[in-house]
There are 2 protein chains.
Amino acid sequence: MLVQAARQVIAERGLHATTLRDVAAAGEVAVGTVTYHFSGIAEVLAEVLRAEMRDYSEPIMASAAAAPEGREALRHMVSGLLADGRRARDHWRLWLDFWALSVHESAYAQWQREIYAQLHALVQRGYLAGYADGSLPCPAGVTPAAAGADSGRATAAADAAAREAAVRFVALMDGLVVQCYLPQAVISPATARELLLTALFPPSRPSLPASRPPEPSRPAPTGVPGGPTDRA
Amino acid sequence: MLVQAARQVIAERGLHATTLRDVAAAGEVAVGTVTYHFSGIAEVLAEVLRAEMRDYSEPIMASAAAAPEGREALRHMVSGLLADGRRARDHWRLWLDFWALSVHESAYAQWQREIYAQLHALVQRGYLAGYADGSLPCPAGVTPAAAGADSGRATAAADAAAREAAVRFVALMDGLVVQCYLPQAVISPATARELLLTALFPPSRPSLPASRPPEPSRPAPTGVPGGPTDRA
DNA sequence: CGGCTAATCGGGCGGCTGTACGATTAGCCC
DNA sequence: GGGCTAATCGTACAGCCGCCCGATTAGCCG
């Protein structure tokens, strides 16, 4: 498939360095064949993006949506989207090009807005379900009943709390992607998964709120040894 | 300055759509003048990135490093890096191009690795200082003393906890950037700042950090993201 | 077989790119 | 003024880009 060939080229050279002739060569066809099936290079790239969403992202979302528990839904997303291996890495590197593209191409910006809206909604539902079924700890001011455990309908406050959690969840995931899938990454996907999963639960310290003995005897000089080290 | 002109062009058209002639036109000089001062278009772009770091990012890092308290240091970073207005927006949009670029240009990947290493170190120092001076709540297993309140030196466990917090802080910031500075953003920079600040404190605990009573009341955990506040 | 269509091919074209380079100017020192 | 250098200019050129389009092939049907 030409789209797969194009995807391969993009993974190697990047979105902006991918030419019609590259795609044709990778697909072992002539350039005319590419322009025969697609209106232009832009349509090829758009199709790659669309296929990538369909093949990689959507199955994960579907399995998350089908999870019986809220916590399981979010866990599916974490393990699926922050997976090990080249597949996930290439997917996110492509997505990075997508981000940059959407800054100056309004059509892509609009599309991305829709994708994020769906993602937010899905994660929000996961949180709400988790609050309701007890698989996720409720934030302050929310009870399982308020999340819809009995009635099936969440209160406005629970809805807002779940939405805030969803925005944070998605942001944390996006940021971890940057740190674990770019070249020269300093953390592994496994570490990223762990960090994201622990964020699902408030790091409620094992009580002992008052038993911590030591008073900070002095203001502490806040040692800041070296300033931000410059580079040439 | 030619670099400023180039920065303007990049902000409008994007990194890959910026040509020598665009830069020359924006700087009101001839193309030959650009190639006289720079070895090529690549050097122009690299110089723009370097200048952007020097002018925007480094002052914020410096003010964070100079903050007397750990919490204040991180607050400086949040308010400076997730600011309102076009300046911060353009900075992060340029940074997005940088991410995409570093995927396939190893020199940029290496540079970015160094920048993230510095960023992690700075945030980690902020957390450690905050644990020690009581301005930030200690995570499980860490005490102010362990963070170096008395000795000035943190234990390995406190160091690791602060590093984990730093990775999470940076990831959350990067992810919020994506959601609030891209076109069609669904959250505002103000909402992003609020989300990041509440992440500094364990979300579900209304009690104060147990260190000292004279602490002004905290925004409390109920920070509801308002509706999608777009901007032009 | 003749006729039709879908698919493929590849040469060619106009346009834009980065870069090289000689011509020109401005400032400065002796 | 004469000589030198830094800076600027604009044209020229080779190369690559997306895209067009006529030629060619393969498959199918009556």
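Letters A, B, ... are given to chains in the order of the sequence lines, protein chains preceding strands, and every chain is numbered from 1.
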Measure from the side chain of A/Thr35, starting at C-beta and using heavy atoms only, and say which of D/dC9, C/dC9, D/dC21 lies closest.
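Of D/dC9, C/dC9, D/dC21, D/dC21 is nearest to the side chain of A/Thr35.
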Would you mind telling me which of C/dC9, D/dC9, C/dG18 lies closest to the side-chain atoms of B/Val29?
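Closest of the options to the side chain of B/Val29: D/dC9.
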Take the protein atom CZ of A/Phe38 and the nucleotide atom C1' of D/dC20, then report the distance between them rounded to whole Å.
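So the two atoms are 18 Å apart, to the nearest Å.
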Interatomic distance where CG belongs to B/Asp22 and C1' belongs to C/dG18 [whole Å]:
13 Å
Could you check A/Tyr116, A/Trp95, A/Trp92 and say which one makes a side-chain hydrogen bond (donor to acceptor under 3.5 Å, both in side chains) with A/Asp174?
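Only one option passes, and that is A/Tyr116.
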Below 4.5 Å, heavy atoms only, C-beta onward: do B/His104 and A/Leu15 meet side chain to side chain?
no
Give one of base, sugar-phosphate or nothing for A/Gly32, where a contact means two heavy atoms less than 4.0 Å apart.
base
Classify B/Val31 by what it touches in the nucleic acid, base, sugar-phosphate, or nothing, heavy-atom distance under 4.0 Å.
base
Exercise: do A/Gln112 and B/Gln184 side chains pair donor with acceptor under 3.5 Å
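No donor-acceptor contact under 3.5 Å links the two side chains.
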If the threshold is 4.0 Å, N to carboxylate O, is there a salt bridge linking B/Arg193 and B/Asp84?
yes
Between B/Arg87 and B/Glu52, does any NZ, NE, NH1 or NH2 come within less than 4.0 Å of an OD or OE carboxylate oxygen?
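Yes, this pair counts.
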Does a side-chain N or O of [X] approach OP1 or OP2 of [N] to a distance below 4.0 Å, or not?
X: B/Tyr36; N: D/dA7; value: yes
X: B/Thr33; N: D/dC9; value: yes
X: B/His37; N: D/dA6; value: no

Kindly state which residues belonging to residues 1-21 of chain A come within less than 4.0 angstrom of DNA chain C, counting heavy atoms of the residue only, listed by number.
A/Arg21
In terms of ring plane angle, is the pair A/Tyr127 and A/Phe169 parallel, tilted or perpendicular, where the classes change at 30° and 60°?
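Answer is perpendicular, since the angle exceeds 60°.
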